[in-house]
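Reminder, nothing fancy here: chain letters follow the sequence lines and each chain counts from 1.
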Number of protein chains: 2
Amino acid sequence: MRAAGDDHNTGEVGIKDVAHRAGVSIGTVSNALNRPDRVSADTRARVRAVIDELGYVRSESARQLRAGHSRIVALLVLDIGNPFFADVARGAEQAAREQGVGVMMCNSAQDVEAESLYLSMFAEQRVRGVLVTPADTTGGSLASFRRHGIPYVFVDRVVDSHDSCSVSVDDVTGGRLAVRHLLEGGHAHVAYVSGPANLAQCEDRRVGARMATEEAGLDAEALTVLETDRLDVASGRDAGARLLGLRPRPTAVFCANDLLALGLLQAVFDAGMRVPEDLAIVGYDDIEFAEAAAVPLTSVRQPAVRIGTTAAEMLLSETEGEPDHAHESIVYQPELIVRRSTLPRRS
Amino acid sequence: MRAAGDDHNTGEVGIKDVAHRAGVSIGTVSNALNRPDRVSADTRARVRAVIDELGYVRSESARQLRAGHSRIVALLVLDIGNPFFADVARGAEQAAREQGVGVMMCNSAQDVEAESLYLSMFAEQRVRGVLVTPADTTGGSLASFRRHGIPYVFVDRVVDSHDSCSVSVDDVTGGRLAVRHLLEGGHAHVAYVSGPANLAQCEDRRVGARMATEEAGLDAEALTVLETDRLDVASGRDAGARLLGLRPRPTAVFCANDLLALGLLQAVFDAGMRVPEDLAIVGYDDIEFAEAAAVPLTSVRQPAVRIGTTAAEMLLSETEGEPDHAHESIVYQPELIVRRSTLPRRS
DNA sequence: ACGTCCGCATGAAACGTTTTACTAGAGCGA
DNA sequence: TCGCTCTAGTAAAACGTTTCATGCGGACGT
């Protein structure tokens, strides 16, 4: 706008420049910004005007230093490429914005080392709090994080500890819903394509799946478990190849994740099989791409955005004064969304 | 913080506690951390030991205040749900980590207001720099951001200005490749499903598409343009419905985005049409889900991760001393990945 | 007219680092 | 012994805010 080189001190303008120019003290400027009621209407206006004129921007570092903590919460997810976490992030961001705090989203990529690196960084930043989907199932990196006194909330991971809140979804029920649906569709031999078994989510879903077969009076043979290293599309393709080699071959598959399911779907198509006629598939998360798949995927929906908002709200309430904050664990119920990939074999 | 029971630490330990306990001055502790060579081996060891013992963690706010800028770069993307941007983020994160700086990823969701809100926040944070995919095509919010003196790099957006670097992909060529491929496949009437026309990417791809039809000696009628509000799956479905109503109906579609293409694919399937026999589809970005779609999608690949790393490197080099930094605009070339969704009509 | 309270504004003291200027001593050549 | 350099360490000054303890008139109640 103003190309005239009048104020060449770019970004250097501090609160004292404003004070000087407005003919008031530093403290008054600060008050005009933070407690407008303690300052008379016309000085307030004058200060505001000077601020605009000079393009003054508060230094968060200085505010933080004084306050002892920042206005940022961190969000550490397992996989930034998983749309489920993108939704969680959206929710968290929205809830955080309402309180004027920013969200810093980082990706541990299921790597324990990266996770602990990020946690140290958060500690140095004195972030207001951390939303974390832990990769380290032993809880080691978080145990050492706790001593910093920074509150954190577990996301998508139920936790019995009384040191923190958690927001999660009942994964056992989710697995049970999925497999019960398949059994009701007439399938007698189901495969469970799991991610890394040390992720609690995967394990819980397996337990639920097993529960469903038991309730149907089937024995352990009825549920074949295929484990994969990662919860992504490539692993799904890989699992698909393995699945096709199984004898007897299951007629239905429950995947721990929609990414796995999509990869598997692709592998199965490539092998010339039809879904759901030759193989029924259920995914998990109900990401957008599940419905958009050419054979729309039956999936267990988790309220991802809701999880994000709830987690952020809990975290903020924990830090926001709220002296009587009691840690709680919220567990949402999943919902089975039936689509074409599991149309019943016989109607 | 005066929890009576917990007498020791909890984040309260500062550099002076370390200094006192180790029997040295504050400055020496600082030196032991930042310039280990200026301190004798055994005091250094002693300081290190005390740091571990007390669980001391540097306060980034204080460091920033002194340094004048933070160790964080911001990444502001158009759509956090688009896997393309997830890849860009991965790249940026990786490059940043090598220099010990963190990445703060935020989502403007194509909303100009959110964008400018985030930019102010970045200014307050005195971030080291900003990687931005602008939603405001007029460049307004960035123009006012410039006066803060914080360097920024345009991502996925070519820019002729000499005030900043940019990393992008030649979208005109991308559009041209896509449509030329379709024309070579024997299609004479092609539709272009565009996102919001005020996004430069969409517009450039349209120009490229038009260029291809012209090169083939076709007139403007040969390219029907359908515009959508957003670059997501839902809009793709919507466009699919509109497309099916067109008379004469195009035999091939080029989508500005894989998300659009996937939505369109779904709509087309639902209408009982076959791909590519009844309709050929080309997407853009070559996200993972493009290959994983039941009809693997031909797509124009952009080196997303590379874009992220390059952008971050440019940004960091601009801030990292480098007094003779000359702004440059890197333009990558896109690559057409042919898959089943465009198998030639007659072989 | 006197004490009192109130509304506004002020100066100075934090907050926790990094960095600069300085010192005390040691080694050393002349 | 003197001067010189070198090493290891120190004290103090920033950095830009917020907040606390004051100050200073003037309006108010009596």
Next on the checklist: Less than 4.5 Å apart, side chain to side chain, heavy atoms only: is that true for A:I150 and A:V127?
Outcome noted: yes
Checklist entry - Whole-Å distance between C:dT19 P and B:L33 CG? => result 12 Å
Item to check | Any residue of residues 59-69 of chain A with a heavy atom less than 4.0 Å from an atom of DNA chain C | outcome: A:L65, A:R66
Next on the checklist: Please verify the inter-ring angle class for A:F145 with A:H148; under 30° counts as parallel, over 60° as perpendicular, anything in between as tilted.
Outcome noted: perpendicular
Next on the checklist: Under a 4.0 Å threshold between the charged nitrogen and the carboxylate oxygen, would B:D37 count as salt-bridged to B:R44?
Outcome noted: no
Checklist entry - Looking at OG1 of A:T133 and CG of A:L75, how far apart are the two atoms once the value is rounded to the nearest 0.5 Å? => result 7.0 Å
Next on the checklist: My understanding is that only residues two or more places apart in sequence, or in another chain, count here; which of them pass ring pair (Phe, Tyr, Trp, His ring centres under 6.0 Å) with A:F154?
Outcome noted: A:Y152
Checklist entry - Rounding to a whole Å, what distance do you find between B:I15:CD1 and D:dT10:P? => result 12 Å
Checklist entry - Please give, in whole Å, the distance from D:dA8 P to B:I26 CD1? => result 21 Å
Checklist entry - When the distance from CG of A:N31 to P of D:dA21 is rounded to whole Å, what number comes out? => result 14 Å
Checklist entry - Touch check for A:V57, heavy atoms < 4.0 angstrom, all strands: base, sugar-phosphate only, or nothing? => result sugar-phosphate
Item to check | Neighbour count above 12 (heavy atom, 6.0 Å) for B:R46 CZ | outcome: yes
Checklist entry - Rounded to the nearest Å, what distance is computed from the CD atom of residue A:Q125 to the C1' atom of nucleotide C:dG16? => result 15 Å
Next on the checklist: Taking only side-chain N and O atoms of B:R35, does any of them lie within less than 4.0 angstrom of OP1 or OP2 on C:dT19?
Outcome noted: yes
Checklist entry - OP1 or OP2 of C:dA9 less than 4.0 angstrom from a side-chain nitrogen or oxygen of A:T43, does that happen here? => result yes
Checklist entry - Is B:E60 close to A:M121 at the side-chain level, that is, under 4.5 Å between some pair of heavy atoms? => result no
Checklist entry - To the nearest angstrom, how far is A:E124 atom CD from C:dG16 atom P? => result 15 Å
Next on the checklist: Here's a test of your reading of the structure: between B:T28 and A:N34, which maps to the more 5' nucleotide of DNA chain D?
Outcome noted: B:T28
Checklist outcome for this item: Atom CD of A:E12 and atom P of D:dA14 are separated, to the nearest Å, by 16 Å
Checklist entry - Between A:S30 and D:dT18, is there a side-chain N or O to OP1/OP2 distance below 4.0 Å? => result yes
Checklist entry - Taking CZ from A:R38 and C1' from D:dT22, how many angstroms apart are they, rounded to a whole number? => result 14 Å
Checklist entry - Axis-to-axis angle across the helix from C:dA1-D:dT30 to C:dA30-D:dT1, five pairs an end, to 10 degrees? => result 50°
Next on the checklist: Using the rule given for salt bridge (charged side-chain N to carboxylate O under 4.0 Å, His left out), can you reason through A:R306 versus A:D87, listing the C-alpha separation, both sets of side-chain angles and the distance that settles it, and then say yes or no?
Outcome noted: CA-CA 9 Å; A:R306 185 86 177 278; A:D87 282 341; over 6 Å; no
Item to check | No-hydrogen, no-angle side-chain donor-acceptor test under 3.5 Å, A:S70 and A:Q125 | outcome: no
Next on the checklist: Go nucleotide by nucleotide along DNA chain D from the 5' end; which of B:A41 and A:R58 gets its closest nucleotide reached first?
Outcome noted: B:A41
